[in-house]
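Worth saying up front: this structure is predicted, and the values here are computed from it rather than measured. Lettering follows sequence order; numbering is per chain, from 1.
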There are 2 protein chains.
Amino acid sequence: MRDLRYFLAVAEELNFTRAAERMFVSQPALSKQIRRLEELLRVRLFDRDRRTVVLTAPGRALLPRARELVRVWDEARRAVGEAAAAEAAVLTVGVSSSVGRGLLPAARARFAERRPHWRIRVRQVDWEDPTAGLAGGGEADLALVWLPVPGQEDLSVRVVATEPRWVALPAGHRLAGRAEVAFSELLDEPFLALPESAGPLRDYWLALEERAGHPVRIGSVVSNADETFEAVEEGSGVVLLAAGNAAIYRRPGVVTLPVGGLSPSRLALAWRPDDHRPAVRDFIDAFLDAAAGPARDGLTQDGRTGDGQAGS
Amino acid sequence: MRDLRYFLAVAEELNFTRAAERMFVSQPALSKQIRRLEELLRVRLFDRDRRTVVLTAPGRALLPRARELVRVWDEARRAVGEAAAAEAAVLTVGVSSSVGRGLLPAARARFAERRPHWRIRVRQVDWEDPTAGLAGGGEADLALVWLPVPGQEDLSVRVVATEPRWVALPAGHRLAGRAEVAFSELLDEPFLALPESAGPLRDYWLALEERAGHPVRIGSVVSNADETFEAVEEGSGVVLLAAGNAAIYRRPGVVTLPVGGLSPSRLALAWRPDDHRPAVRDFIDAFLDAAAGPARDGLTQDGRTGDGQAGS
DNA sequence: AGCGTCCACAGCCGATCGTTATCACACCAC
DNA sequence: GTGGTGTGATAACGATCGGCTGTGGACGCT
């Protein structure tokens with residue numbers, strides 16, 4: 001199975017070194033495994049003539065089957081996990097940062113009315129996976145994510161709140177005393193960035209769109225909230241964040257303030273469109289009810305009426 | 001992949017010890033691997049309550065996917081092998097014993113007329129696999145087999161020759177001087193048998209049908225021609241064989257003679273019905289032409305006109 | 001009570017799979 | 001040419017894996 005993923009990586013990159021990076025292993029390890037796979041099949045899968053790598057005929061024959069195998073395997077893992085969850089009566093909600101706001105407890109309560117014997121487990125997921133464990137082999141049944149989420153076409157998504165974007169600065173920063181800043185004043189600051197794997201979400205929190213081509217300086221790459229605020233505190237850079245998170249992650253050495261001239265961030269509940277388990281549907285309803293319920297501390301709400309995009 | 005096969009074996013047997021035997025590993029090894037798979041999936045796949053083994057809900061969810069994965073993997077191996085063979089312009093013919101008779105060289109010649117740049121490779125396969133490498137992950141593209149071949153419904157089969165069955169006896173045997181024996185005289189002899197995995201073919205060469213319930217004594221299990229004749233020579237038992245093989249495998253210490261009262265053995269060319277490669281079709285035509293060609297040393301011939309059964 | 005069956009556990013060993021360090025070669029810039 | 005860069009192969013080594021044998025304990029059956 002692993003070898004098949006390696007094979008796919010090399011077949012897609014046509015470059016051992018880059019494929020190895022993508023699979024998070026060293027290049028010799030990947031070379032060796034490919035060689036082993038070739039020995040197992042008694043066939044050369046790639047022609048490596050010094051400078052270029054191309055698939056051989058047997059390699060081309062393997063390619064679609066390997067994809068199929070990886071797909072079925074991932075699906076099997078998911079199905080097994082779901083079967084276990086159904087037996088244990090547990091739903092797992094992946095979250096990227098403490099984005100629950102008041103929503104999670106409220107949703108929990110409403111869900112408990114309908115399914116008293118079910119439990120909700122909340123799992124923090126690092127920002128390497130912007131779908132918070134929902135995509136691929138992740139173990140989340142639902143996720144609270146920031147839009148835009150990569151691979152959005154394969155997910156059902158419903159916006160549950162919008163919040164203006166703020167900025168976090170080290171306490172000694174030249175702008176730290178201000179009550180508000182315009183984004184144009186931050187253009188030349190070093191920014192903390194999400195990992196590459198976060199794709200469009202990384203661009204979003206760098207506000208690439210609002211820079212209109214003005215280049216961005218990456219001060220550091222961060223993959224969870226703790227890393228982020230430590231990096232801000234030690235002056236590696238500044239970072240945009242949702243207004244709600246500015247309140248939650250308040251800490252000495254870091255100052256947060258509103259930023260003018262940026263579109264608001266959108267928080268969404270996401271799930272797998274092909275996941276028709278009743279408990280999941282009930283939780284979605286419970287959550288959206290909660291989001292549409294009594295107003296909470298200044299959040300602009302979307303709830304059921306928002307511009308939520310139901311995935312395919 | 002291996003672990004999936006183990007899982008399938010246990011799921012089908014619902015018994016670790018028997019499953020381990022089926023997979024040709026020790027029972028602790030299989031237990032450990034199942035446990036590892038369970039750890040990987042973070043789920044219990046079987047409920048073992050001391051005396052009985054049953055699938056859990058996650059196990060039931062995995063079962064069909066595991067079958068699918070094994071199926072696609074086997075298919076992928078076959079496809080890769082075929083792609084390599086097409087490039088190398090080689091066809092592999094599996095044979096169980098030297099059953100080629102005059103047929104193989106004749107077929108080779110006719111095939112060479114149509115596909116001069118292709119080569120034919122003949123591969124001897126032990127009798128553990130009565131399809132001579134055609135079924136499962138075997139590497140034969142075609143096979144010369146004795147009927148009945150297990151799993152015949154998944155193969156295309158064409159009878160190319162029928163031969164009376166003879167018996168091989170040690171030189172000192174009480175019947176060794178005879179010109180011919182009746183099968184009824186052999187009923188109480190110890191017989192050499194094919195491995196269990198040969199299924200109906202094992203029964204066929206023990207002539208179970210013609211024994212009409214008379215019990216058979218197994219002198220020894222043999223899985224290739226050399227083993228067989230050595231076992232005969234040292235007196236482990238007697239063995240039935242096709243008339244043609246009696247001539248080919250003549251050796252001091254072993255006597256062969258015709259047996260009356262047995263149906264004749266049928267030699268068949270077999271291939272995979274879903275294998276539509278032109279070279280394979282050409283070889284089938286060449287072989288059947290050769291089998292229908294000039295008569296050779298006393299063999300009853302079937303060729304194209306025989307009662308060949310075209311598989312599904 | 002004693003035996004057989006069946007699964008789990010422990011201890012051992014060779015093969016596998018990962019690492020880092022280094023080499024060999026092709027290409028490119030100069 | 002010459003040296004730098006990028007790429008894949010190779011070497012040496014350590015941790016883990018996957019198999020083995022031997023053993024133990026629970027249960028059913030005589």
Problem - salt bridge (Lys or Arg N to Asp or Glu O under 4.0 Å) partners of B:Arg5, counting only residues at least two apart - result: B:Asp74

Exercise for the section: Grab the CG-C1' distance between B:Leu37 and D:dG19 for me, whole Å please. Expected result: 17 Å

Exercise for the section: Anything under 30° is parallel, anything over 60° is perpendicular, the rest tilted; go ahead and classify A:Trp205 against A:Trp146. Expected result: perpendicular

Handout entry: Residue pairs, two or more places apart or on separate chains, that pass salt bridge (charged side-chain N to carboxylate O under 4.0 Å, His left out) and touch residues 216-229 of chain B
Key = B:Asp226-B:Arg251

Exercise for the section: Would you please name every residue forming a side chain to side chain contact (heavy atoms under 4.5 Å, CB included) with B:Pro195, sequence neighbours left out? Expected result: B:Trp127, B:Glu128, B:Ser197, B:Val221, B:Ser223

Exercise for the section: Could you list the residues that satisfy side chain to side chain donor-acceptor pair (under 3.5 Å) with A:Thr92, not counting sequence neighbours? Expected result: A:Arg121

Exercise for the section: List for me each residue that meets side chain to side chain contact (heavy atoms under 4.5 Å, CB included) alongside B:Pro64, sequence neighbours excluded, and say none if there are none. Expected result: none

Problem - Set of side chain to side chain donor-acceptor pair (under 3.5 Å) partners for B:Asp129, sequence neighbours left out - result: B:Thr131

Completion exercise
Separation of D:dG18 atom P from B:Ile34 atom CD1, nearest Å, is 12 Å

Exercise for the section: May I have the distance from B:Gln27 (atom CD) to D:dG19 (atom P), rounded to whole angstrom? Expected result: 13 Å

Handout entry: B:Arg48 vs C:dC6: side-chain N/O to OP1/OP2 distance below 4.0 Å
Key = no

Under 3.5 Å between N/O atoms: give me all the protein pairs with nucleotides 15-17 of chain C, atom names plus distance.
| residue | atom | partner | partner atom | Å |
| --- | --- | --- | --- | --- |
| C:dC17 | OP2 | A:Gln33 | NE2 | 3.3 |
| C:dC17 | OP2 | A:Arg36 | NE | 2.3 |
| C:dC17 | OP2 | A:Arg36 | NH1 | 3.4 |
| C:dC17 | OP2 | A:Arg36 | NH2 | 3.4 |

Fill in the blank from the handout: Residues of residues 9-23 of chain B with a heavy atom under 4.0 Å from any atom of DNA chain D, listed by number, are none

Practice task
Can you sort out which residues in residues 38-47 of chain B have a heavy atom within less than 4.0 Å of DNA chain D? Ascending by number, please.
Solution key: none

Practice task
Determine whether B:Asp141 and B:Arg277 make a side-chain contact, defined as any pair of heavy atoms from C-beta on separated by less than 4.5 Å.
Solution key: yes

Practice task
Could you list the residues that satisfy side chain to side chain donor-acceptor pair (under 3.5 Å) with A:Arg60, not counting sequence neighbours?
Solution key: none

Exercise for the section: Classify the nucleic acid contact of A:Ser26 as base, sugar-phosphate or nothing, counting any heavy atom under 4.0 Å across all strands shown. Expected result: base

Exercise for the section: Please identify each residue that fulfils side chain to side chain contact (heavy atoms under 4.5 Å, CB included) with B:Val54, with sequence neighbours left out. Expected result: B:Asp47

Handout entry: Euclidean distance, atom CZ of residue B:Arg5 to atom P of D:dG18 [Å, nearest integer]
Key = 15 Å

Problem - ring-ring contact (aromatic ring centres under 6.0 Å, His included) against B:Phe229, all qualifying residues, sequence neighbours excluded - result: B:Tyr249

Exercise for the section: Give a yes/no on whether any side-chain N or O of A:Arg35 is located under 4.0 angstrom from OP1 or OP2 of D:dG8. Expected result: no

